[in-house]
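Quick notes on the structure that follows.
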Number of protein chains: 2
Amino acid sequence: MSRVPPDRTGPDDPRLAAALEQLRLAGGRVTRARRAVLGTLLAEPGHLSAEDLAKRVRERHPEVHLSTVYRTLDAFERLGVLTHVHLGHGRAIYHLAGGVSHHAVCESCGGVLHLPADLLDEVRERIEATWGFAADTRHFALVGRCAACRT
Amino acid sequence: MSRVPPDRTGPDDPRLAAALEQLRLAGGRVTRARRAVLGTLLAEPGHLSAEDLAKRVRERHPEVHLSTVYRTLDAFERLGVLTHVHLGHGRAIYHLAGGVSHHAVCESCGGVLHLPADLLDEVRERIEATWGFAADTRHFALVGRCAACRT
DNA sequence: TTCTATGCAAACGATTTGCAGGGAG
DNA sequence: CTCCCTGCAAATCGTTTGCATAGAA
């Protein structure tokens, strides 16, 4: 009745194994907290911030501290396992590195729309050619209003 | 020697007068703090955050509190006098409404590049046509590395 | 006179840090 | 055995809010 639902991916998810391997190869240590964070991130389809992630992780492993989640995410980014994207005002969400798409966030309903990863490639190249500025166009979401909220 | 330098624009700057008029027409009150904030913003060519602005304002009017600056900026935005843009991690800068260009912020040196206001118009239209999402493409700066910092 | 705007202090949310102990390699 | 990683508590940073008063209209 009050049992915790099972992970949507098993501990043998190949992506989890790959990420842990990458971590190990880069000299990082594989700990309970790191396994839990990575596992939770892979199990959740949504857009999880560090706080959300910590909450989810804690449902299974109450010892894991919020600050550990932040440090873990930080380490994962340094090691190239994860990337973060800003969804508007302050909140950052985490993704497996590679294959990150663009995000569009509706200011009214908070909904998140996924847009193709190559959406701004052309503009990015133009900016680079003209001003020499190499833009990471996916690092911030686009803000605006979604179709439904435009009444 | 230790005298405060004069404003770069006078109290009779036509843009200041226009903004104050707009404020008045919208039912807002013209106070010392509001005059000071607006005057400082117009006098500074750069990219001022609320904090920077408060510091500058205080050089002349030490009574004006940081929270007043935030509330003033907020009111100005509601009344259509100003707009803010996010230059990366949390920090927002303020501009006179209208004629806001795109901003590109270098992650290494922090430098800010101004890009044409219509830079993303085409993409914005494509996004609107395809997903019905009306993006405010200028609300967040582009992050990346400027030509100089790319070694 | 009326009601908005202000100063001040305290609250806030997200993230970071210092420190001493724990556990991976 | 060494050094990275962790838990915990406290600090930080930018911004917001509650309250009583000052002051614009």
Side-chain angles (χ1 to χ4, degrees), chain A residues 19-38 40 47-58 60-79 81-82 84-94 110 140-141, chain B residues 19-40 47-58 60-79 81-82 84-94 105 110 140-141:
Chain A
L20 290 175
E21 181 60 14
Q22 188 175 354
L23 174 58
R24 222 174 255 121
L25 285 175
R29 292 180 179 176
V30 176
T31 66
R32 175 204 306 261
R34 292 182 168 195
R35 226 185 287 269
V37 168
L38 217 37
T40 304
H47 307 90
L48 297 183
S49 66
E51 270 191 306
D52 298 334
L53 209 37
K55 185 153 33 131
R56 296 288 206 301
V57 167
R58 269 182 167 145
R60 284 158 202 300
H61 308 278
E63 350 65 73
V64 177
H65 198 271
L66 178 55
S67 70
T68 301
V69 175
Y70 278 106
R71 281 191 279 225
T72 298
L73 291 172
D74 215 67
F76 286 169
E77 289 206 80
R78 270 199 314 280
L79 301 172
V81 179
L82 297 180
H84 74 269
V85 169
H86 295 279
L87 279 199
H89 305 87
R91 214 151 202 115
I93 60 161
Y94 291 82
F140 283 92
Chain B
L20 290 175
E21 181 60 14
Q22 189 174 355
L23 173 58
R24 222 175 256 123
L25 285 176
R29 294 182 177 176
V30 176
T31 65
R32 175 202 306 260
R34 292 183 167 194
R35 227 185 286 269
V37 168
L38 217 39
T40 305
H47 307 90
L48 296 183
S49 67
E51 270 191 306
D52 299 334
L53 209 38
K55 186 154 31 133
R56 296 288 208 300
V57 167
R58 270 184 165 143
R60 284 159 202 299
H61 308 279
E63 350 64 75
V64 177
H65 197 271
L66 178 54
S67 72
T68 299
V69 174
Y70 279 106
R71 281 192 278 224
T72 296
L73 291 172
D74 216 66
F76 285 169
E77 288 205 82
R78 270 199 313 281
L79 301 172
V81 180
L82 298 180
H84 75 269
V85 169
H86 295 278
L87 281 199
H89 306 87
R91 215 153 201 112
I93 59 161
Y94 291 81
V105 184
F140 283 93

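Note on naming: letters A, B, ... go to the chains in the order of the sequence lines (proteins, then strands), and numbering restarts at 1 for each one. Basis for what follows: all heavy atoms, side chains included, without hydrogens, waters or symmetry-related copies.
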Please say which of A/V69, A/T40, A/V37 ends up in a side-chain contact (heavy atoms from CB on, under 4.5 Å) with A/R56.
A/T40
Could you tell me which residues satisfy side-chain hydrogen bond (donor to acceptor under 3.5 Å, both in side chains) with A/E51, sequence neighbours excluded, listed by chain and number?
A/R91
Could you tell me how far apart B/H86 (NE2) and C/dA14 (C1') are, to the nearest whole angstrom?
15 Å
Taking side-chain hydrogen bond (donor to acceptor under 3.5 Å, both in side chains) as the test, write out the residues that go with A/S49, two or more places apart.
A/D52
Using OP1 and OP2 only, check whether a side-chain N or O of B/T68 sits under 4.0 Å from C/dG7.
yes
Nearest whole angstrom, please: distance from the C1' of C/dA14 to the CG of A/L53.
15 Å
Counting primed atoms plus P, OP1 and OP2 as sugar-phosphate and everything else as base, spell out the protein contacts along nucleotides 19-25 of chain C at 4.0 Å heavy-atom distance: B, S or - for each nucleotide, 5' to 3'.
----BBS
Pick the nucleotide of DNA chain D nearest each of A/V69 and B/E51; which residue has the one closer to the 5' end?
A/V69
When rounded to whole Å, the CG to C1' distance for the pair B/D74 and D/dT17 reads 12 Å
I want to check one thing: is the phosphate of D/dT15, taken as OP1 and OP2, less than 4.0 Å away from some side-chain N or O of B/Y70?
yes
Look at B/R34 and C/dT6 and indicate whether a side-chain polar atom (N or O) is within less than 4.0 Å of OP1 or OP2.
yes
What's B/T72 touching, base or sugar-phosphate or nothing? Going by heavy atoms closer than 4.0 Å.
sugar-phosphate
Write down the distance between CG (A/L73) and C1' (C/dT16), rounded to a whole number of angstrom.
13 Å
Send over the distance from B/E63 CD to D/dG23 P, rounded to a whole Å.
10 Å
Within this structure, what is the CG-to-C1' distance between A/L66 and C/dT15, rounded to whole angstrom?
8 Å
Test item: A/T72 and A/V64 side chains (from C-beta on) under 4.5 Å apart, heavy atoms
no
Residues forming a side chain to side chain contact (heavy atoms under 4.5 Å, CB included) with B/L79, sequence neighbours excluded:
B/L23, B/A26, B/V81
B/R78: partners by side-chain hydrogen bond (donor to acceptor under 3.5 Å, both in side chains), with sequence neighbours left out:
B/D74
Between C1' on C/dA9 and NE2 on B/H65, what's the gap in Å once rounded to a whole number?
8 Å
So how far off straight is the helix from C/dT1-D/dA25 to C/dG25-D/dC1, going by the axes through five pairs at either end, to 10°?
30°
Using the side-chain hydrogen bond (donor to acceptor under 3.5 Å, both in side chains) criterion, which residues pair with B/H65? Sequence neighbours excluded.
B/S67
Non-neighbouring partners of B/Y94 that pass ring pair (Phe, Tyr, Trp, His ring centres under 6.0 Å), sequence neighbours left out:
B/H84
Can you list everything that forms a salt bridge (charged side-chain N to carboxylate O under 4.0 Å, His left out) with A/R35? Sequence neighbours excluded, please.
none
